[in-house]
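These notes concern the structure reproduced below.
Basis for what follows: all heavy atoms, side chains included, without hydrogens, waters or symmetry-related copies. In each ligand, atom 1 is the first atom listed, and ligand 1 is the first ligand listed.
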Amino acid sequence: MSEIKIIGPFTQLLTMDTIPLKGSVDDSQLEIIPNGGVVIADGLIVKTGNFDQLCSEFHDFEIYRIEKDMVAMPGMIDPHTHICWAGSRAKDYSLRLAGKSYPEIAQSGGGIGDTVSKTRTASAAELESLLAERATAHLLKGITTIEVKSGYCLNTEGEIKMLEAIRNVNHTLPADLISTCLAAHIKPADFVGSPSDYLNRIVNELLPEILKRKLSRRVDIYIDKGAFTKDEARIYLTSAKNLGFDLAIHGEQFTAGGVSLACELGALSVDHLEVIQNLEINLLATSNVIPVVLPGASLGLGCQFAPARKLLDAGCSLAIGSDWNPGSAPMGDLLMQTAILGIFEKMTMAESLAGITFRAAAALGLTDRGILRNGLLADMIGFPTSDYREILYNQGSLKPSVVWKRGEKVRE
Ligand SMILES: [Zn+2]
């Protein structure tokens with residue numbers, strides 16, 4: 001017989017249940033249980049409801065009593081990060097602030113080439129410890145599931161080193177790290193051959209090795225000027241899909257192409273979308289592809305946000321990722337970025353919170369989390385407040401004071 005525990009009473013329990021996967025959402029659609037409790041067994045939610053009622057309904061349970069005002073909601077899910085890297089791009093940032101363009105920064109020894117050389121040089125242990133530090137920071141801020149991409153070594157040996165670091169940190173930290181192969185980030189400067197030759201090398205050398213070592217089930221590619229074309233990406237992603245990988249695409253950050261290909265190939269998500277146009281918005285609305293917007297990249301580059309309001313009004317789903325990376329998105333604070341995006345794009349609180357919970361889970365193909373509902377993972381966070389609206393009102397400065405992963409407390 002498994003041990004049952006009841007956590008509560010929460011001033012408000014925000015379950016995120018009963019909200020559709022796609023389209024705009026009104027705050028009145030949020031399920032808020034006052035004086036709420038959660039029954040947990042074996043890391044899974046057994047039942048949510050009124051705390052006193054739950055206590056009278058169950059027998060032989062342990063109570064984890066909440067003594068102060070607290071609003072609980074599902075643990076946040078970050079569906080897009082690049083937090084496995086070595087080095088710093090602070091110098092790039094200072095040059096960007098001084099008005100230098102990306103090509104000028106790259107020419108002066110910065111840009112992604114700098115991160116690639118530092119990540120290639122880092123030992124596996126160094127890389128693991130840098131990744132663990134960032135993933136822990138994320139977890140303590142309430143992000144219980146973190147997608148992490150490779151893509152800063154861009155050769156078979158180095159990409160394996162990155163994916164192994166992600167696997168090892170996943171085994172040692174309570175947070176779930178979901179790894180994605182982004183060897184198709186750009187063609188590395190030292191590769192002799194065309195972009196297609198490089199992608200073929202990944203398909204023939206790297207992807208089979210990833211499958212053999214069970215390092216990832218996801219493949220991502222960057223479609224843009226200076227990265228890969230839509231046609232190059234189609235061939236690559238089709239091969240990856242045939243090998244059994246789930247697909248994600250970096251698309252529509254500066255130029256078009258990623259969204260239509262994501263819909264054509266049935267990718268799980270298409271991420272960025274700063275320059276998406278109406279035609280592609282409508283295409284997404286009629287597909288199962290989850291759009292993931294990355295306000296952290298807009299903040300890091302000082303450019304426009306993806307049109308979140310338009311996407312939602314057109315009937316699209318909408319997930320929000322931090323894009324935490326050393327170049328364009330160094331902040332790494334998902335809640336703060338979500339709050340900032342929300343005020344600029346006029347997203348309701350329900351839409352913003354859905355974007356970092358179950359809609360973000362859907363972008364990763366996960367159906368076992370992101371909602372406080374029976375049968376799902378007991379990943380929860382508690383904010384020290386009596387009103388859920390304080391979470392976004394404080395624009396990210398109010399952090400969870402308690403984080404539970406699979407029903408176990410990882411922070412208080
Ligand atoms: Zn990215």
Note on the Zn ion (ligand 1): protein N/O/S atoms within less than 2.8 Å are His80 NE2, His82 NE2, His250 NE2, Asp323 OD1
Donor on one side chain, acceptor on other, Asp26 and Ser28, under 3.5 Å
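Yes, Ser28 and Asp26 have a side-chain donor paired with an acceptor closer than 3.5 Å.
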For Glu62, the side chain to side chain contact (heavy atoms under 4.5 Å, CB included) test, sequence neighbours excluded, returns Glu3, Lys5, Tyr64
Residues Arg359, Glu351: salt bridge by 4.0 Å N-O rule:
no
Report the residues that fulfil salt bridge (charged side-chain N to carboxylate O under 4.0 Å, His left out) with Asp333, sequence neighbours left out, ordered by chain and then residue number.
->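 Residues passing salt bridge (charged side-chain N to carboxylate O under 4.0 Å, His left out) with Asp333: Lys399.
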| Should Arg373 and Ile45 count as side-chain neighbours, where that means a heavy-atom distance under 4.5 Å? | no
N/O donor-acceptor pairs under 3.5 Å from side chains in residues 363-370, not counting sequence neighbours:
unit_1 : atom_1 : unit_2 : atom_2 : d
Arg369 : NH1    : Thr145 : OG1    : 2.9
Arg369 : NH1    : Asp176 : OD2    : 2.8

